[in-house]
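Letters A, B, ... are given to chains in the order of the sequence lines, protein chains preceding strands, and every chain is numbered from 1.
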Amino acid sequence: MKRGIHPASWTYDNIDYMRDQLKAMGLSYDWDREIATCNPKYYRWEQLIFLQMLEKGLVYRKETTVNWCDDCKTVLAREQVIDGACWRCDQQVIPKTMHGWFFKITDYTEELLQDLDKLTGWPEKVVTMQRNWIGKSQGLACDFQVEDAKEKVTIFTTRPDTIFGVTFMSLAVEHPLIDQLIKGREQENKVRSFIEKTLIEKQRASADQEPEKHGVFTGSYCINPFNGERVPIYVANFVLMEYGTGAVMAVPAHDQRDFEFAVKYKLPIRPVVQPQGTELSATAMETASEEPGTLIDSGDFTGMASAEAKIRIIERAEAKEFGKAHITYRLRDWGISRQRYWGAPIPIIYCEKCGIQPVPEDQLPVVLPGADSPDGAHVPLHKQEDFYTTTCPKCGDCARRETDTMDTFVESSWYFARYTSPRNEQAPLDKKAAAYWLSVDQYIGGVEHAILHLLYSRFFTRVLRDLGYLEIDEPFTNLLTQGMVIKDGAKMSKSKGNVVDPSELIEKYGADTTRLFSLFAAPPERDLEWNAQGVDGSSRFLNRVYRLIHQHLDCFNENTASDFSSLDTRNNQLYRKTHQTIARVTDSIEKNFHFNTAISAVMELINQISALSGDDPKNAIESAVIREALETTVLLLFPMVPHFCAEMWQLTGHDTVLDHMPWPEVNTEAAREEEITIVIQVNGKVRSRIQAVADIDNQQIEKMALADERTNQFLQGKSPKKLLW
RNA sequence: GCCCGGAUGGCGGAACUGGUAGACGCAAGGGACUUAAAAUCCCUCGGCACUUGCGGCUGUGCGAGUUCGAUUCUCGCUCCGGGCACCA
């Protein structure tokens, strides 16, 4: 819309451009399975899934304060807000109250957390990030009776062992109990104006700056159920309504925030957990002591270690029925409503009489207007009467469609499954095909998706499983997180649009050189500052291979028997190098996709071939050996530079198709060095090198070492220790 | 603040479980071929210095430690990148 082009044509143009480019690079995708998630043929099934989720209670609508990006005119999920700014356009987000649809990802929290352990093919880093994002904390939920009232304040704490150190109570400004607490009290006005002020502050709060802690006394007290003490109730700006219960028992001696608050408002500080080796005193403390330790001044629990006290205190609370063990998670439900013009419509109808009605399945898909006419109006959906006017599926009266669309992350949460039956007209997925193909053996994506896309996909996989479409729990068995490509200091990404277009390189050097160059530049998981310097090297290398093959074309005509058992030294050297190269390339690729080292191994082989097959015809290498070396080169390079290799394969007289050739096999026997260099260290310093046969034993080495002139020079006495490696 | 990574020549990057640091490539310099250029080939290329020898010392962010021996292991820092962040 920014560009004044209809998003449909813009998107499809982009897809065409991308497809051409991928083809130009020679990437072997199965284009028969291509899908476009913006096509109604795809999102109609997404709408069906939405309805099935709704039926299962996995979708609900509620009013919340959302993160609003005024630039994109849309709501963002919490995961999509980065440093207080929109992940897509970098605009500051602002809070806004509105209705929205939510996916109940929290129903799967524990499973999503537990199963992280199963993801052994994922980088530890991503697993950790997801674990932190889910943010499980265990502790105690405990009721504090409000004095002279029937209400209770329920708090959540992960430090029940500090409960005897409570000296006040802090409530979030949004806490529903506040009204009751202040009604008719002298503090009422003060509290109200504080709340008002804080709410405004929160709106403006910039994400990088933690505002100073403020609070105000409500005039009410509650009772600490463990020691019966009166605890003043405050309202504080740093307590979050969204986390835990929106109420915090304040233990200034053992919580830094409470400490700062207590100092500011001159509230008592009472240490109740003594860390080992120190003696805390309320007056001397300059910061809170958050370490575990031994309990003091804690009634029956005095003398216990923190860890045990936590358990016992929870037990006591449960026994006396004023509290219980409780687990809280940071993860919250996934708000999917977006106010985009371009997105999959949420299949819901609002009827004044019947309320919220799902669109009947036989009326799917709910199609975006203008998708068929690219010149259609760029008007937001909620202003397009043609779109939103409909009839209620229940009573038939006039009704209004939902005009929100789904977060585009919904599309990407299951596309990989749709690939298994991309043209299925009967259902979102073909269960058999999905069972055959999934999970995805190897998934590749940028680290930037570590939380968003990968968490949503894990969630969706479970939803689809529970809806009966899939039999798997986890979508991606092995994950490779690519590093980001940095261009001019900024990360290159699809959404930012500063992507380097390889077509220039392709035009100048061809697809193969471009591929080889980008693979050779760095291992895939590493960030890479884009720099086309060095592409000449790749080009030179391929030319070298080409010339070398031409030079030795006759080797491919002679049908010499390949007897490698009695080769002379030079021949054997190349034969060995060939097999060592197979081993190295295979290993590099299979282990961690380190194409850069695979390529350098082949380069070494090529260097060796040209060195050995040099000018002197008397020293010529046997045809069979050269042939094997060159054939191997072509086979090994094939995945990286397919067009070139296919041509070389033909050129060298093969009538087989290279695609169908098996990967070369290592002759481990041949790859073994028969002569090795033994490094002699004296006092840990390299002093000499001697050549020896590979299966030399330690005694012989010792003998040789002692006979070695240079070694003796440095010994000057005797050799006290010999260590072998 | 907390949790992860990372730091190796002028540059991109190698080095499997502690054992030849700098593979492979780029850039640079010198040379050969050429009328000339391109292409190609050969040589040099971490630093230092009394380099008379194909040798010496030093060197993998900094400082300690373990070890005969550390880019690799341990501890303490510095810097850079990423994630989380008033989460009770």
Answer for the Watson-Crick or wobble partner of B:C26, both distances under 3.5 Å, is B:G10
(Q) Distance check, C1' atoms only: B:C33 and B:U40, in whole angstrom units. (A) 9 Å
Answer for the Watson-Crick or wobble partner of B:C57, both distances under 3.5 Å, is B:G47
Give a yes or no on whether A:K508 atom NZ has more than 12 heavy-atom contacts from other residues, nucleotides or ligands under 6.0 Å away. no
Paired to B:G81 by Watson-Crick or G-U wobble criteria (both distances under 3.5 Å) is B:C4
_Main chain of A:H214, side chain of A:N237: is a donor-acceptor contact present, judged purely on distance under 3.5 Å?_
yes
Per nearest nucleotide of RNA chain B, the residue lying toward the 5' end, A:N132 or A:S137, is A:N132
Exercise for review: Look at the side chain of A:H254 and the backbone N and O of A:V272, then say whether any donor-acceptor pair between them is shorter than 3.5 Å.
Suggested key: yes
Relative to its sugar, using the 90° cut-off around 0, the base of B:G9 is syn
Rounded to the nearest 0.5 angstrom, the OH-CD distance for A:Y329 and A:E110 is 3.5 Å
Under 3.5 Å, which N/O atoms of the protein pair with N/O atoms of nucleotides 8-13 of chain B?
{"from": "B:G12", "atom 1": "O2'", "to": "A:A521", "atom 2": "O", "distance (Å)": "2.6"}
{"from": "B:G13", "atom 1": "O3'", "to": "A:N596", "atom 2": "ND2", "distance (Å)": "3.4"}

* Hey, does A:V251 reach any base, or is it just sugar-phosphate, or nothing, if we go heavy atoms under 4.0 Å? -> nothing
Answer for the Watson-Crick or wobble partner of B:C87, both distances under 3.5 Å, is none
Closer than 3.5 angstrom, by distance alone: can the side chain of A:D143 be matched with the main-chain N or O of A:G323 as a donor-acceptor pair? no
Re B:U71: Watson-Crick or G-U wobble partner, both distances kept under 3.5 Å, found to be none
Under a 3.5 Å limit on both distances, the Watson-Crick or wobble mate of B:C33 is none
Any carboxylate oxygen within less than 4.0 angstrom of a Lys/Arg side-chain nitrogen, looking at A:K125 and A:E525? no
**Report entry** Phosphate contact (B:A23 OP1 or OP2) by A:R584 side-chain N/O below 4.0 Å
**Finding:** no
* Asked: OP1 or OP2 of B:A27 sitting under 4.0 Å from any side-chain N/O of A:R540?
  -> yes
Does A:R131 have a side-chain nitrogen or oxygen under 4.0 Å from the phosphate oxygens OP1 or OP2 of B:G83?
-> no
Checklist entry - If the P atom of B:G46 is compared with that of B:U60, how far apart are they to the nearest Å? => result 15 Å
| said: Please tell me if A:N607 has a side-chain N or O lying less than 4.0 Å from either OP1 or OP2 of B:G25. | reply: yes
Exercise. With a 3.5 Å cut-off and no angle check, do the side chains of A:N607 and A:R544 form a donor-acceptor pair?
Worked result: yes
Quiz item: Taking the same atom, C1', in B:G82 and in B:C24, what whole-Å distance lies between them?
Solution: 29 Å
Requested in this report: Mind checking A:G537 for me? I need base, sugar-phosphate or nothing, with any heavy atom below 4.0 Å counting as a touch.
Outcome: sugar-phosphate
